[in-house]
Amino acid sequence: MATSTQSQTNHPEQKPTIPDLDIEQQPVGVLEIEVINYSSRAQWLRAAVLGANDGLLSTASLMVGVGAVHKDVKTMILTGITGLIAGALSMAIGEFVSVYSQYDIEMAQIEREEISESEIEERKGNLPSPLQAAAASALSFAVGAFVPLIAAGFVKDYYVRLGVVVAAVSLALLGFGGLSAVLGRAPVVKPSLRVLIGGWLAMGLTYGLTKLIGSTGI
């Protein structure tokens with residue numbers, strides 16, 4: 001017995017080994033992995049980016065186009081403010097009508113299904129809100145429209161003001177294009193360049209055609 005006790009004391013206590021965990025062999029539900037569905041962002045992201053781009057480009061093109069004929073800063077600023085108000089209201093009404101039409105169609109489909117009242121209310125709560133969509137669309141348009149207004153408001157010289165507006169709008173276009181690409185996990189360079197080149201074309205054509213029409217004396 002003494003020999004047995006001594007042999008036990010001479011050996012250090014062995015710690016239990018922890019087997020390696022193979023993640024691939026774990027049953028479903030053991031590991032919780034958060035999966036982000038980027039496609040679910042597409043609808044609101046598209047509406048926000050399009051609204052901001054519309055506000056930016058339409059307001060800047062109006063200001064540049066009118067500036068091709070009337071070079072004073074007051075006329076350019078008033079044109080931009082008018083474009084902001086009219087465009088934001090137009091975007092809000094258009095988005096409200098569009099989303100409400102979608103809402104009516106989906107509600108009609110829900111009511112045709114044989115489901116309980118609680119399920120109807122739950123699915124109804126998941127439908128898009130026309131008022132929220134209209135407000136978001138108008139707000140994003142106004143955010144974009146403020147960029148050329150702020151850029152033009154502090155410059156008196158016509159040619160410097162025109163260059164500042166184009167530069168500010170170009171930076172904003174790159175920013176909006178890059179932001180939409182990052183949030184959607186898409187490549188950044190090509191979408192940003194597409195938005196930028198499209199903006200240059202819109203402003204350039206508006207300026208050139210307005211200048212041409214103004215030179216005819218109409």
key: Met203 with Phe176, same ILVMFWY side-chain cluster at under 4.5 Å   = yes
ask   = Is there a donor-acceptor pair closer than 3.5 Å between any side-chain N or O of Ser137 and the backbone N or O of Ala134?
value = no
ask   = Hey, does the side chain of Thr206 reach the backbone of Ala202 with a donor-acceptor pair shorter than 3.5 angstrom?
value = yes
message = Any non-hydrogen side-chain atom of Val64 less than 4.5 Å from a side-chain atom of Leu162?
response = yes
query = Taking side chain as C-beta onward, heavy atoms only, is Thr210 less than 4.5 Å from Val69?
reply = yes
key: 4.5 Å side-chain heavy-atom contact, Arg123 and Ile115   = yes
message = Looking at every heavy atom in both Val66 and Thr75, which two are closest together, and how far apart are they?
response = CG1-CG2, 3.6 Å
task = Identify whether Leu78 and Val164 are in the same connected component of the hydrophobic contact network (ILVMFWY, side-chain heavy atoms under 4.5 Å).
result = no
request  = Kindly determine whether Glu119 and Glu113 satisfy side-chain contact (heavy atoms from CB on, under 4.5 Å), including the steps that lead there.
outcome  = CA-CA 10 Å; Glu119 289 177 309; Glu113 298 177 3; over 6 Å; no
Heavy-atom side-chain proximity of Tyr158 to His70 below 4.5 angstrom = no
For Trp200 against Ser170, the heavy-atom pair lying closest together = NE1-OG, 2.8 Å
Spacing of CG belonging to Leu62 relative to CG belonging to Leu84, to within rounding of 0.5 Å = 11.0 Å
key: Co-membership, hydrophobic cluster, residues Leu149 and Ile85, 4.5 Å side-chain   = yes
query = Hey, any chance Ile81 and Leu89 share a hydrophobic cluster, counting ILVMFWY side chains that come within less than 4.5 Å of each other, even indirectly?
reply = yes
ask   = How long is the gap from CG on Leu171 to CG on Leu196, to the nearest 0.5 Å?
value = 9.0 Å
key: Separation of Leu205 CG from Leu212 CG (nearest 0.5 Å)   = 12.0 Å
query = Less than 4.5 Å apart, any side-chain heavy atom of Val195 and any of Leu174?
reply = no
inquiry  = Restricting to non-hydrogen atoms, name the atom on Leu56 and the atom on Ala172 that form the minimum distance, rounded to 0.1 Å.
reply    = CD2-CB, 3.7 Å
ask   = So do Thr59 and Val169 actually touch side chain to side chain, heavy atoms under 4.5 Å?
value = no
message = Could you report the tightest heavy-atom contact between Met63 and Ala152, atom names first, then the distance?
response = CE-CB, 3.6 Å
task = Report the distance from atom CZ of Arg112 to atom CD1 of Ile110, rounding to the nearest 0.5 Å.
result = 10.5 Å
Cluster link Phe96 to Tyr103, ILVMFWY, side chain under 4.5 Å = yes
ask   = Hey, are the side chains of Ser90 and Phe141 touching, using non-hydrogen atoms and a 4.5 Å cut-off?
value = no
query = Donor-acceptor pair, Arg161 side chain versus Lys71 backbone, under 3.5 Å?
reply = yes
task = Please round to the nearest 0.5 Å and tell me the distance separating atom CD of Glu121 and atom CG of Asn126.
result = 11.5 Å
key: Nearest heavy atoms of Ala145 and Pro148, plus distance in Å   = O-CD, 3.2 Å
query = Does Ser192 reach the main-chain N or O of Val188 with its side chain, forming a donor-acceptor pair under 3.5 Å?
reply = yes
key: Minimal non-hydrogen separation, Ala133 against Glu95, with atom names   = O-CG, 3.5 Å
query = Within the distance-only criterion (no hydrogens, no angle test), does the side chain of Thr216 pair as donor or acceptor with the backbone N or O of Ile213 below 3.5 angstrom?
reply = yes
